[in-house]
**Q** 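Can you keep this structure in mind? I'll have questions shortly.
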Amino acid sequence: MFQIQIPSLRPMTTAHLAQTMTLLSMTSVELAQKIEAELANNPALELVEERRCPSCGRVLRDPGPCPICSRPHGDSSSPIVFVSARSDFYQPGAGPMSGHGQDLVPDEYMSASEDLPTYILRQIAPELQPTERNIAAHILTSLNEDGLLSIPIEEISHYQHVPAERVIEVVRLIQRADPLGCGSENVQQALLAQIEILSETRPVPELARAAIEQGFKHLSRRQYSELANILQISRSEAEGIAQFISDNLYPFPARAHWGDIRHGEESAPAVYHQPDIVISRLKSQTGSPLVVEILMPLYGTLQVNPAFQKEISRIHDELKEKWKLSLEQANLLIKCIQQRNNIVQRLLEYLAIHQRDFILNGDQYLKPLTRAQVAETLEVHESTISRAVSSKTAQLPSGRIVPLEMFFDRSLHIRATLRSIIAQENRALTDTQLANLLAKQGYPIARRTVAKYRAMEGILPANLRRTTPA
DNA sequence: CTATGGCACGGATT
DNA sequence: AATCCGTGCCATAG
């Protein structure tokens with residue numbers, strides 16, 4: 001049914017099991033580091049160059065043509081999913097992204113995190129025209145530590161010999177990428193960009209935008225009475241709006257952490273992770289298969305050095321013992337890595353099928369799912385799934401990067417419909433009314449719970465809410 | 001009196 | 001065993 005070949009598994013020893021577990025809870029980048037370390041101190045291991053697809057640069061694990069490039073377009077009768085591994089950034093139709101001057105995309109991964117420019121570039125790469133790549137690179141390298149543009153747009157447009165409008169177009173793209181609002185010229189612009197994007201997916205107080213545009217000075221100085229005057233609203237409403245802004249927007253985009261657009265955990269350093277998994281569509285067409293790629297940031301495949309294995313029979317004594325040990329370790333590591341990848345692959349295969357609607361159409365379509373259920377169908381222990389799920393992130397076709405845990409979020413779909421109800425409301429509905437409406441849509445939840453969901457989504461209570469006119 | 005947020009309890013999940 | 005989550009009860013604000 002699927003085109004995925006699962007390597008046959010060998011019985012596991014306890015050491016095997018323990019190590020697989022450790023590897024399973026690592027992100028792909030951590031794993032790469034681990035492998036590098038092993039390579040350095042175990043002579044029995046070697047990294048061999050693998051075959052890559054000449055047109056898309058993907059790693060080809062099985063003989064034959066690239067499963068993606070060779071696929072006739074729109075082959076919708078084929079399986080919903082197939083999995084392939086890749087080791088570098090993917091840019092549809094354009095080959096490896098080595099392009100221009102600035103080393104935005106290094107040839108080798110050097111550390112566990114990538115910097116902000118790289119992180120953003122990867123998100124927007126699919127939407128960039130080839131000629132826009134230089135512009136994007138120029139903008140991204142000109143960001144200051146807050147994520148704001150440190151040079152005027154004119155300078156870029158002049159230097160790149162393109163009209164300013166082109167530059168602005170690219171800036172727009174960058175603003176929409178994950179730390180929302182990066183690439184803006186100043187704090188005010190950044191906030192406006194964020195509110196713009198935010199309002200597409202969730203309700204936003206009507207006057208929030210006006211507050212930033214007209215009352216920016218007062219807003220930043222917390223002069224709420226003056227702000228209220230300008231906007232012709234009461235002071236408490238002004239405070240509500242200020243609250244919304246400080247809860248949901250980031251004046252300095254680069255300081256925001258990815259993921260939860262909420263305040264609170266300000267502990268996260270400005271480190272951006274690359275996803276461990278990338279899910280995309282083979283072709284943007286309904287019924288088109290999903291492409292699930294499990295990232296492995298290492299060039300080459302790990303194997304036991306054949307020369308080493310050969311030599312070992314000729315060696316004697318104490319040295320032989322040492323070598324034997326190395327060899328065993330090498331074998332074990334390789335097996336464990338296979339095991340890890342196998343589990344991650346099966347997990348994603350399940351998720352891609354079971355949560356296809358969510359992947360393609362968004363939060364509302366997430367089906368309730370527990371790790372235990374997955375564990376049962378995949379016939380592995382619950383804790384195995386737990387480990388595989390935690391600490392990994394996936395990039396969805398929309399470009400959003402989400403933790404895999406989100407696939408198991410019990411209330412995400414309800415929160416999403418709650419958002420849409422509030423987005424469409426004419427007058428601000430109270431929590432009790434919202435609870436009733438949700439019940440009609442098949443989500444019987446308590447009033448108290450509505451309040452909690454609201455808080456989670458950063459939506460103000462009814463009395464401080466002004467409905468956005470549709 | 002109504003609408004909300006805080007605290008804490010119990011059941012489910014990990 | 002530890003954690004998460006939905007909910008009920010109660011205090012508080014308007």
Side-chain angles (χ1 to χ4, degrees), chain A residues 17-18 20-27 203 205 224-225 228 233-244 246-248 259-260 262-265 267 340 343-344 346-348 350-351 354-355 363 366-394 402-419 421-422 425-467:
Chain A
L17 196 79
T20 307
M21 287 304 159
T22 324
L23 295 182
L24 202 54
S25 46
M26 294 171 114
T27 67
Y224 299 127
S225 308
I233 55 177
S234 76
R235 188 195 158 98
S236 67
E237 283 173 322
E239 281 175 17
I241 285 170
Q243 185 68 39
F244 173 87
S246 76
D247 279 358
N248 294 286
D260 290 12
R262 268 159 257 148
H263 70 309
E265 60 264 35
S267 53
R340 170 195 190 271
I343 290 178
V344 174
R346 285 166 62 201
L347 169 66
L348 261 108
Y350 183 95
L351 289 180
H354 197 84
Q355 301 285 29
D363 293 356
L366 185 76
K367 297 188 185 85
L369 179 68
T370 67
R371 294 156 228 254
Q373 285 172 45
V374 180
E376 197 185 342
T377 41
L378 295 190
E379 297 180 301
V380 292
H381 196 279
E382 292 174 17
S383 66
T384 311
I385 298 294
S386 268
R387 288 170 200 273
V389 164
S390 64
S391 77
K392 284 191 195 56
T393 55
V402 303
L404 270 196
E405 280 157 343
M406 185 173 284
F407 284 80
F408 298 90
D409 192 310
R410 278 188 256 167
S411 57
L412 189 70
H413 56 136
I414 310 185
R415 297 205 304 273
T417 47
L418 177 66
R419 278 207 302 268
I421 290 178
I422 293 179
E425 73 187 0
N426 289 321
R427 68 210 143 76
L429 299 165
T430 70
D431 287 348
T432 321
Q433 293 169 315
L434 289 170
N436 288 335
L437 283 173
L438 280 170
K440 274 184 197 155
Q441 303 210 11
Y443 302 124
I445 54 170
R447 177 237 110 212
R448 190 63 192 79
T449 311
V450 174
K452 283 226 162 157
Y453 288 174
R454 236 186 349 86
M456 281 191 203
E457 298 299 324
I459 301 171
L460 289 171
N463 53 10
L464 294 178
R465 211 161 60 220
R466 286 284 184 101
T467 316

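Naming: A, B, ... by sequence-line order, numbering from 1 per chain.
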**Q** Per the salt bridge (charged side-chain N to carboxylate O under 4.0 Å, His left out) rule, what does the pair list look like for residues 368-383 of chain A, sequence neighbours excluded?
**A**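 Residue pairs with at least one partner in residues 368-383 of chain A: there are none.
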**Q** So which one's nearest nucleotide on DNA chain C is more toward 5', A:N463 or A:T449?
**A**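 By nearest-heavy-atom nucleotide position, the 5'-most residue is A:T449.
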**Q** Taking atom CG of A:L348 and atom NE2 of A:H354, what is their separation to the nearest 0.5 Å?
**A**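 NE2 of A:H354 is found 13.5 Å from CG of A:L348.
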**Q** For A:R447 and A:Y453, find the nucleotide of DNA chain C closest to each by heavy atoms; which residue's nucleotide sits nearer the 5' end?
**A**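 Counting from the 5' end, the first nearest nucleotide belongs to A:Y453.
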**Q** Please walk me through it: do A:H413 and A:Y443 pass ring-ring contact (aromatic ring centres under 6.0 Å, His included)?
**A** CA-CA 10 Å; A:H413 56 136; A:Y443 302 124; 5.2 Å; yes
**Q** Apply side chain to side chain contact (heavy atoms under 4.5 Å, CB included) to A:I445 and list each qualifying residue two or more places apart in sequence or on a separate chain.
**A**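 Once residues adjacent in sequence are excluded, the partners of A:I445 under the side chain to side chain contact (heavy atoms under 4.5 Å, CB included) criterion are A:I414, A:L438, A:T449, A:V450, A:Y453.
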**Q** Look at A:R448 and B:dA3 and indicate whether a side-chain polar atom (N or O) is within less than 4.0 Å of OP1 or OP2.
**A**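 Checking A:R448 against B:dA3: no side-chain N or O falls below 4.0 Å of OP1 or OP2.
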**Q** Got a donor-acceptor pair under 3.5 Å from the side chain of A:R410 to the base of B:dG11?
**A**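 Absent.
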**Q** Out of B:dG5, B:dA3, B:dT14, which nucleotide sits closest to the side chain of A:A451?
**A**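 Among the listed nucleotides, the one closest to the side chain of A:A451 is B:dG5.
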**Q** For a side-chain contact (heavy atoms from CB on, under 4.5 Å) check, start with the C-alpha distance between A:T384 and A:H381, then their side-chain angles and the critical distance, and finish with the verdict.
**A** CA-CA 5 Å; A:T384 311; A:H381 196 279; 3.6 Å; yes
**Q** Rounded to the Å, how far apart are A:L369 CG and B:dT13 P?
**A**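 In whole Å, B:dT13 P lies 11 Å from A:L369 CG.
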**Q** Students should find this one: the first and last nucleotides of DNA chain C, 5' to 3', lying under 4.0 Å from a heavy atom of chain A. What are they?
**A**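 So the contact region on DNA chain C extends C:dC5 to C:dC9.
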**Q** Can you tell me which nucleotide in B:dT14, B:dA8, B:dA3 comes closest to the side chain of A:K452?
**A**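 That would be B:dA8.
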**Q** State plainly whether the residues A:R415 and A:D363 are in salt-bridge range, i.e. N to O under 4.0 Å.
**A**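 Salt bridge flag = no for A:D363 with A:R415.
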